[in-house]
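Here's the structure we're looking at; comments come further down.
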Amino acid sequence: MKTCSAAESITRREFVRKSSALAATALAGGLSDTAQAADGAAGAPSKVAAPLATRAYPCPLITPADKFRDVSRGEPKPHTLTGAALEQARLTPESWRLEITADTTPNPPSKDVAGISHSLRLSDGTALDLAALTELGRKHGVK
């Protein structure tokens with residue numbers, strides 16, 4: 001399999017743009033193939049495009065497993081913690097908490113600062129735990 005050079009790699013935005021165009025083309029091709037099949041029954045020859053799966057792409061769109069690398073941050077890395085260190089870092093279901101606060105950075109165009117009626121913080125014991133968040137999901141979840 002050919003690998004992509006820096007000049008051949010694409011951004012996520014380009015990927016979405018190209019895959020959308022490809023999907024639209026495939027859909028249009030499928031619609032025209034149906035019309036051609038109906039015309040073919042009337043005696044006109046039908047042209048069928050090659051399936052998408054058989055076309056060769058210069059760059060793979062999915063990273064092969066052996067090309068993945070660890071991008072963990074922090075010292076120590078979160079996946080290396082065990083026991084009491086996990087609890088101290090609040091990475092267990094029992095110790096996990098969700099704080100909800102407003103961003104105090106002003107919005108440049110309007111110079112306004114975001115506000116919130118009441119914050120949920122670890123410091124005053126109002127942060128949500130996993131059980132409370134699960135209950136909110138049950139009560140207000142979209143089905």
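Residues take their numbers from the sequence shown, with the count starting at 1.
Counting heavy atoms from C-beta outward, D70 and K77 have side chains that approach closer than 4.5 Å. Contact annotation: the side chain of D129 approaches that of R97 to within less than 4.5 Å [non-hydrogen atoms, C-beta and beyond]. By the 4.5 Å heavy-atom criterion applied to side chains, L128 and I100 are counted as neighbours. A heavy-atom distance below 4.5 Å is found between the side chains of P76 and L81.
A pairwise comparison of heavy atoms in L86 and T92 identifies CB-CG2, 3.9 Å as the closest pair. Taking each heavy atom of P78 and R73 in turn, the nearest pair found is CD-O, 3.3 Å. Of all the heavy atoms in A102 and A114, the pair that sits closest is CB-O, 3.7 Å.
A single hydrophobic cluster is seen to contain both I116 and L120, as judged by linkage of ILVMFWY side chains at heavy-atom distances under 4.5 Å, directly or through other members. Under a hydrophobic-cluster definition in which Ile, Leu, Val, Met, Phe, Trp and Tyr are linked whenever side-chain heavy atoms come within less than 4.5 Å, directly or via other members, L122 and L130 are assigned to different clusters.
Separation of atoms CD (E87) and OG1 (T82) is listed at 11.0 Å; rounding is to 0.5 Å. Separating the CG atom in D124 from the CD atom in E99 is a distance of 8.5 Å, to the nearest 0.5 Å. In this structure, the separation between CG on L27 and CG on L22 is 11.0 Å, given to the nearest 0.5 Å. Note that the OG1 atom of T134 and the NZ atom of K139 stand 14.5 Å from one another [nearest 0.5 Å].
Other residues, nucleotides and ligands contribute at most 12 non-hydrogen atoms within 6.0 Å of the NE2 atom of H118.
Of the charged side-chain nitrogens involved, none lies within less than 4.0 Å of a carboxylate oxygen, so that E14 and R17 do not count as a salt-bridged pair.
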